[in-house]
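When reading the values below, keep in mind they use all heavy atoms of this one structure, side chains included, and skip hydrogens, waters and symmetry mates. All chains are named by letter (A, B, ...) in the order of the sequence lines, taking the proteins before the strands, and each is independently numbered beginning at 1.
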Amino acid sequence: MSVTVRFAPSPTGGLHIGGVRTALYNYLFAKKHNGRFILRVEDTDQTRFVEGAEQYIIDSLRWCGIEFTEGVHLGGPCVPYRQSERKALYATYSKELIEKGAAYYAFDTTEELDEMRTRLEASGVKSPQYNSITRNTMKNSLTLPQDEVQRRLAAGEPYVIRLKVPRKEEVRFHDEVRGWVVIHSSQVDDKVLMKSDGMPTYHMANVIDDHTMEITHVIRGEEWLSSTPLHVLLYRAFGWEDTMPKFAHLPLILKPEGTGKLSKRDADKFPQFPLEWTDTEGKTFKGFRELGYLPEALMNFLALLGWNPGGDEEIMDMNRLIEAFSLERIGKSGTKYDLAKADWFNQIYLRKKEDSDLLPEVRHELEKAGFPQKEDAFVLKVISLLKDRVTFIREFALHGKYFFQAPVEFDAEMHKSKWNENCPAWMNQIADTFENLQEWNHPSMDAAFKGWAATAGIGAGKVLPAFRLAITGMAFGPSTFDVAELIGKEDTLARLRYAAKNL
RNA sequence: GUCCCGUUCGUCUAGGGGUUAGGACAACUCCCUUUCACGGAGUAAACAGGGGUUCAAUUCCCCUACGGGAUACCA
């Protein structure tokens, strides 16, 4: 089976998480079947066009690890891949439809359309539509005399081209996710195909492009399910029904709480964009990248939002996802967007990384935190000690500050519960004991510590928390001896004496 | 309003005419750990409701409720 799929966003803003998932599923499907994967830009709405959005989409998908075989940024056999550059093609095809009698010119103004709707509503029509009945009362090439139509066209009067939806026809299509969907053509209105500015509408451009690009599977969000009958009618009008692509409508991603479809407008409430995005009002939203999510974790999380491999398997990298993916296992119901599990995936993938792979980014975080520079070996050691304890890379700086600077603030709760009046003296004694250590490492410190505690007649458990507090200032982290080993003898003794004096 | 789609633990989901309805995240408890994590063992937690069909329905059918989508010269 030869497969061609496409991801066709419109450059009206940042790419939100639903779009990323759609792109991901298309990518997985294409890869699985060794097919073509096209990035097509649907920029037919000039009023909503946002500068930079196209590049943003390309960059975002690249970061996600979603790769295309052809598209706006790559070129390919179906060039151009931007719909605004394919205008002539749509014009040609719309003429063809008119000649076939499957479409017609309509000259109605916005006011006249409104008038029609209010008039029909007043007379009790539930949902007023421009359709096989009402079109007879409107100004179009079906009602106007031919010479008047020609005259208006020649005079350059604004017009749209509408699909002449047949009165009584059954429209049925098989959705790969939902099964058979049947609808009657009387429920479809005479949709505008070509707008008065000469641009096609989504429906028109979409069908023509999918056909000319030989798309075999349309995998898109459920918001398109209700317009699919229209698309089927269009394929039928063109005589392309036998090569019509298969459809797979993805369940929608819903807001984490409350109701409704996730939209870009919610981006200030929870992360939605792969990369940082600044909207047209100058508002900047952090992306998953900036928040510290690893792309492989995000993809794993997203893949499982509306699809699953059937068993208990959850940790799946891109190759595994490609291998396991199938349209049949896509779910039908909407999915709430709950990032808690994404955090878990991030933790898993973070732990899977080699320490050295983490080094550049950890360094970046440390620098951002303003910590003094340390050699690679030192930072690598910090990474190995902290890796099991963090979910995000930025937490290396948060939870590991004591590796880079002596604590000046001490955890109040721990101070209260674990630090008593004997502690200053103990800390000094430990410092004295450590002073004489020949070897500076965890085992020797451990032995010396235990020896001191035994001769002093103190339970190690009573002193250890205080020791930790003196060295790190917090109640969190790897073994204090490991910390002490890494920061060195001099620093360790200084911290002990400082705590003895000041706590 | 109309049309279309959907409904299993809080969340993501498996399952499917007869099951102790399974897993994961999150929560909680315990173990390990003289901290925090990791790891391990547990606890709590779901078939929207009502009618059919059937020996049997969470599973099939219908209705209702609820949720979502579409109803633009936006995609």
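Not a single donor-acceptor contact under 3.5 angstrom links the side-chain atoms of K341(A) to the base of A26(B).
In summary, K416(A) and E413(A) do not engage in a salt bridge, as defined by a charged side-chain N under 4.0 Å from a carboxylate O. Salt bridge annotation for E42(A)-R40(A): present, with a cationic side-chain nitrogen under 4.0 angstrom from a carboxylate oxygen.
Between N308(A) and A14(B) there is a side-chain polar atom (N or O) within less than 4.0 angstrom of OP1 or OP2. Dashed line: the shortest gap from a side-chain N or O of R329(A) to OP1 or OP2 of G15(B) is under 4.0 Å.
A distance-only check finds no donor-acceptor pair linking the side chain of N26(A) to the backbone of V5(A) [under 3.5 Å]. K255(A) contributes no side-chain N or O that, together with a main-chain N or O of D266(A), makes up a donor-acceptor pair within less than 3.5 Å. For the pair Y90(A) (side chain) and I208(A) (backbone), a donor-acceptor distance under 3.5 Å is absent. Distance alone, capped at 3.5 Å, is enough to place a donor-acceptor pair between the S141(A) side chain and the Y105(A) backbone. Using a distance-only test at 3.5 Å, with no hydrogens or angles considered, a donor-acceptor pair links the side chain of R495(A) to the main chain of I471(A).
To the nearest angstrom, P of A27(B) lies 11 Å from CG of D343(A). The distance between atom CD of E313(A) and atom C1' of U13(B), rounded to the nearest whole Å, is 14 Å. The interatomic distance linking L230(A) (CG) with C3(B) (P) rounds to 19 Å, in whole Å. Put simply, NZ on K336(A) is 12 Å from C1' on C12(B), counting in whole angstrom units. Rounded to whole Å, atom C1' of G6(B) lies 15 Å from atom CD1 of I330(A). The CG-C1' distance, from N300(A) to A24(B), rounds to 12 Å in whole Å. Distance E328(A) CD to A14(B) P: 14 Å, rounded to the nearest Å. Regarding R220(A), its CZ atom lies at a distance of 13 Å from the C1' atom of G69(B), rounded to whole Å.
A gap of 15 Å separates the C1' atoms of A44(B) and C25(B), to the nearest Å. Nucleotides G15(B) and U20(B) are separated by 15 Å at their C1' atoms, to the nearest Å. For the P atoms, the distance linking C12(B) with C47(B) amounts to 16 Å, nearest Å. If you take atom P in G1(B) and the same atom in A57(B), they sit 34 Å apart, rounded to whole Å. Distance check on atom C1': U54(B) versus G17(B) gives 9 Å, rounded to whole Å. Comparing G40(B) with U33(B), their C1' atoms are spaced 12 Å from each other, to the whole Å. Only the P atoms considered, U58(B) is 47 Å distant from A75(B), to the nearest whole Å. For U43(B) and A21(B), the P atoms lie 15 Å apart once the distance is rounded to whole Å.
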Reading 5' to 3' through nucleotides 70-75 of chain B, protein heavy-atom contacts under 4.0 Å coded B for base, S for sugar-phosphate only, - for none: S--BBB

Per-nucleotide protein contact string for nucleotides 34-39 of chain B, where B marks a base within reach and S marks sugar-phosphate only (heavy atoms under 4.0 Å, - for neither): BBBBSS

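Side-chain contact between K352(A) and I315(A) is present, with heavy atoms from C-beta onward closer than 4.5 Å. Residues L339(A) and F288(A) are in side-chain contact: their nearest non-hydrogen atoms beyond the backbone lie under 4.5 Å apart.
Within the nucleic acid shown, G306(A) comes within 4.0 Å of sugar-phosphate atoms alone, with no base atom in reach, counting heavy atoms only.
Side chains of R220(A) and T228(A): a donor-acceptor N/O pair is present below 3.5 angstrom, by distance only. One side chain, Y293(A) or D343(A), offers a donor N or O that lies under 3.5 Å from an acceptor on the other.
Across the strands present, G1(B) finds its partner in U71(B); the criterion is a Watson-Crick or G-U wobble pair with both atom distances under 3.5 angstrom. Across every strand in view, A21(B) sits unpaired, with no contact that passes the Watson-Crick or G-U test at under 3.5 angstrom. Across all strands shown, U43(B) forms a Watson-Crick or G-U wobble pair with A27(B), both key distances being under 3.5 Å. Across all strands shown, A48(B) pairs with U64(B); the Watson-Crick or G-U wobble distances both stay below 3.5 Å. Checking U35(B) for Watson-Crick or G-U wobble geometry (two distances, each under 3.5 Å) identifies no partner in any strand.
Nearest-nucleotide assignment on RNA chain B puts the 5′-proximal partner with V182(A), out of L304(A) and V182(A).
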